[in-house]
Amino acid sequence: MKTVQEIVMQQTFSRDDLVVLLNTEGEERTQLFSVAAARKEDVVGRKVFFRGLIEFSNICSKDCLYCGIRKSNDKVVRYDATDEEILEACRFAWQNRFGSVVLQSGELSSPVFVERVDGLLKAIKKLSNGELGITLSCGEQSRETYRRWFESGAHRYLLRIESSTPELYAKIHPNNDHHSFEKRLNCLSLLKECGYQVGTGVMIGLPFQTLENLADDLLFLKKIDVDMVGMGPYIEHEETPLYEHRYLLKSKQERFDLALKMVAALRLLLPDINIAAATALQAIDPAGREKALKIGANVIMPNLTPCSYRKEYQLYEDKPCLDEDADLCKNCLEARIELAGSEIGYGEWGDSRHFFSRGNRPK
Ligand code: 5AD
Ligand code: FES
């Protein structure tokens, strides 16, 4: 059998190799982390890029079995930030030289919603003289909608596949047309076709999930040739159906450790992509995101959602930064990133190198 030392030096990885990496502990895990950290520095450098995250609405038409803002959770107070509040958060990001913002919401596809996002994109470009990069994370949409939003200024899109194993996907979503694995997969190709830098990701430590499933997730990310990945630990939420399976879960610490190993293995597998340090890591370990930045991640998404709404965007329990305001969060992040030994790419878009290596030009 191959040793971890041999595997981390490879350029390509089999499913079995990846399972070995995900199983590492002690010395071997340290070795995986240090090789991944070195690979990151060689290929994408030491810089960490900021994306100011604006969770502008928690109104959602979907009922994912793991998500705290699912449509059927009637304990959530639904909100829709005003355009002015959203633009104010963007102005803050621009003035503080964040480089980019991410507009995230529950999933809606009504003409009113599509039109509204379109108007916001144009307004954000205008207020920042075209300088703020914009990532959207607004779920599954039609080709026309994706195209329209791209033309209005969005250049990256995040749509997590959640699990690339169709059987597992089916266990964590309602079994109907509105929650179809195939449709979600198709959306990822539509996004690429429209010219976006495409980001996806999975949850780690789900009930019923095996290390083989996670190895397949990594291979899936390679197969679809992603530009960006955000992936973090699954964290149970009491007001969701998946909560009943909490007895099947690994401990939170184990899920956290596994998420870090996934990040490190991904950096080895796809060295030139952007990898976000997921907020969910911080829900388990206060220094969780910084730990991910040390061993392979290079993007962080400070929360710029207006404070009064934050407690209603609880996708999972213990979501951090519920009562910070944007200013405080930024200070806190700077100090933390220094601790992690990285520099910050102020005012830079920090686009995925991979996107350009697959033949695209800067927007
Ligand atoms: N635990 C961890 N991550 C979650 N997400 C949603 N619910 C949870 C949860 N309970 C993640 C999903 C989604 C992203 C916005 O948040 O991966 O795509
Ligand atoms: Fe808000 Fe740290 S980023 S508390």
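Count residues from 1 along the sequence. The figures here come from the full heavy-atom set of this structure, side chains too, leaving out hydrogens, waters and symmetry mates.
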Is there a path of hydrophobic side-chain contacts, each under 4.5 Å between heavy atoms of I, L, V, M, F, W or Y residues, that connects [X] with [Y]?
X	Y	answer
Met203	Val229	no
Met1	Leu32	yes
Ile204	Phe208	no
Ile275	Phe33	yes
Leu136	Ile86	yes

Gln209/Tyr234 under side chain to side chain donor-acceptor pair (under 3.5 Å): CA gap, chis, key distance, verdict: CA-CA 11 Å; Gln209 190 181 46; Tyr234 162 70; over 6 Å; no

Taking the side chain as every heavy atom from C-beta outward, state whether [X] and [Y] have any pair of such atoms under 4.5 Å apart.
X	Y	value
Met301	Val102	yes
Leu22	Met262	yes
Asn303	Thr279	no
Leu214	Lys261	no
Arg267	Val35	no
Glu193	Arg147	yes
Glu144	Val114	no
Arg156	Ser100	yes

Output side-chain donor-acceptor pairs under 3.5 Å for residues 181-191, partner residues at least two apart or in another chain, one line each.
{"unit_1": "Lys183", "atom_1": "NZ", "unit_2": "Asp177", "atom_2": "O", "d": "3.0"}
{"unit_1": "Arg184", "atom_1": "NE", "unit_2": "Arg160", "atom_2": "O", "d": "2.6"}
{"unit_1": "Arg184", "atom_1": "NH1", "unit_2": "Glu140", "atom_2": "OE2", "d": "2.8"}
{"unit_1": "Arg184", "atom_1": "NH2", "unit_2": "Arg160", "atom_2": "O", "d": "3.0"}
{"unit_1": "Ser189", "atom_1": "OG", "unit_2": "Asn186", "atom_2": "O", "d": "3.0"}

Let me know which of His245, Glu236, His173, His237 forms a side-chain hydrogen bond (donor to acceptor under 3.5 Å, both in side chains) with Tyr66.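 Result for side-chain hydrogen bond (donor to acceptor under 3.5 Å, both in side chains) with Tyr66: His173.
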
What are the two closest non-hydrogen atoms of [X] and [Y], and how far apart are they?
X	Y	result
Asn274	Ser352	ND2-N, 3.4 Å
Val101	Ala93	CG1-CB, 3.5 Å
Ser164	Phe220	CB-CG, 3.5 Å
Leu260	Ile295	O-CD1, 3.4 Å
Leu269	Leu218	CD2-O, 3.3 Å
Glu162	Leu206	O-CD1, 4.2 Å

For [Y], is there any backbone N or O sitting under 3.5 Å from a side-chain donor or acceptor partner on [X]?
X	Y	answer
Arg70	Cys60	no
Lys40	Leu293	yes
Lys125	Leu132	yes
Asn73	Thr240	no
Asn176	His178	yes
His179	Asp63	yes
Arg15	Asp216	no
Gln141	Leu108	yes
Glu348	Gly350	no
Arg91	Ile124	no

Output, in order, the C-alpha distance, side-chain angles, deciding distance and verdict of salt bridge (Lys or Arg N to Asp or Glu O under 4.0 Å) for Asp285 and Lys252. CA-CA 9 Å; Asp285 178 335; Lys252 283 191 178 163; over 6 Å; no

Heavy atoms of other groups near [X] [atom1], more than 12 under 6.0 Å:
X	atom1	value
Lys126	NZ	no
Gln5	CD	no
Lys71	NZ	no
Asp42	CG	yes
Gln11	CD	no

With a 4.0 Å cut-off, would you call [X] and [Y] a salt bridge?
X	Y	answer
Lys75	Glu238	no
Arg116	Asp83	yes
Asp118	Lys122	yes

Test Glu317 against Tyr243 for side-chain contact (heavy atoms from CB on, under 4.5 Å), laying out the working first. CA-CA 11 Å; Glu317 290 171 358; Tyr243 194 69; 3.9 Å; yes

To the nearest 0.5 Å, what is the distance between CE (Met9) and OG1 (Thr3)?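 Those atoms lie 9.5 Å apart.
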
Nearest 0.5 angstrom please: Ser128 OG to Gln95 CD, how far?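 Between atom OG of Ser128 and atom CD of Gln95 there are 11.0 Å.
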
Hey, can you tell me if [X] and [Y] have their rings parallel, tilted or perpendicular (30° and 60° cut-offs)?
X	Y	answer
Tyr79	Tyr309	parallel
Phe113	Phe56	parallel
Trp149	Tyr157	parallel

CA sep, side-chain torsions, deciding dist, call: Tyr146, Leu159, side-chain contact (heavy atoms from CB on, under 4.5 Å): CA-CA 12 Å; Tyr146 285 149; Leu159 184 74; 4.2 Å; yes

Could you walk me through whether Asp257 and Lys250 pass the salt bridge (Lys or Arg N to Asp or Glu O under 4.0 Å) test, one step at a time? CA-CA 11 Å; Asp257 290 345; Lys250 296 180 194 303; over 6 Å; no

Would you please test Phe13 and Lys222 for side-chain contact (heavy atoms from CB on, under 4.5 Å) and show each step? CA-CA 11 Å; Phe13 302 84; Lys222 183 174 168 75; over 6 Å; no

Quick one, Ile273 with Leu266, criterion side-chain contact (heavy atoms from CB on, under 4.5 Å). Give me CA distance, side-chain angles, the key distance, then yes/no. CA-CA 9 Å; Ile273 64 169; Leu266 180 64; 4.0 Å; yes

Test salt bridge (Lys or Arg N to Asp or Glu O under 4.0 Å) applied to Arg46 and Glu41, step by step: CA-CA 5 Å; Arg46 287 166 63 92; Glu41 209 168 313; 3.7 Å; yes

Output, in order, the C-alpha distance, side-chain angles, deciding distance and verdict of salt bridge (Lys or Arg N to Asp or Glu O under 4.0 Å) for Glu115 and Arg148. CA-CA 9 Å; Glu115 183 72 35; Arg148 183 167 169 203; 3.0 Å; yes

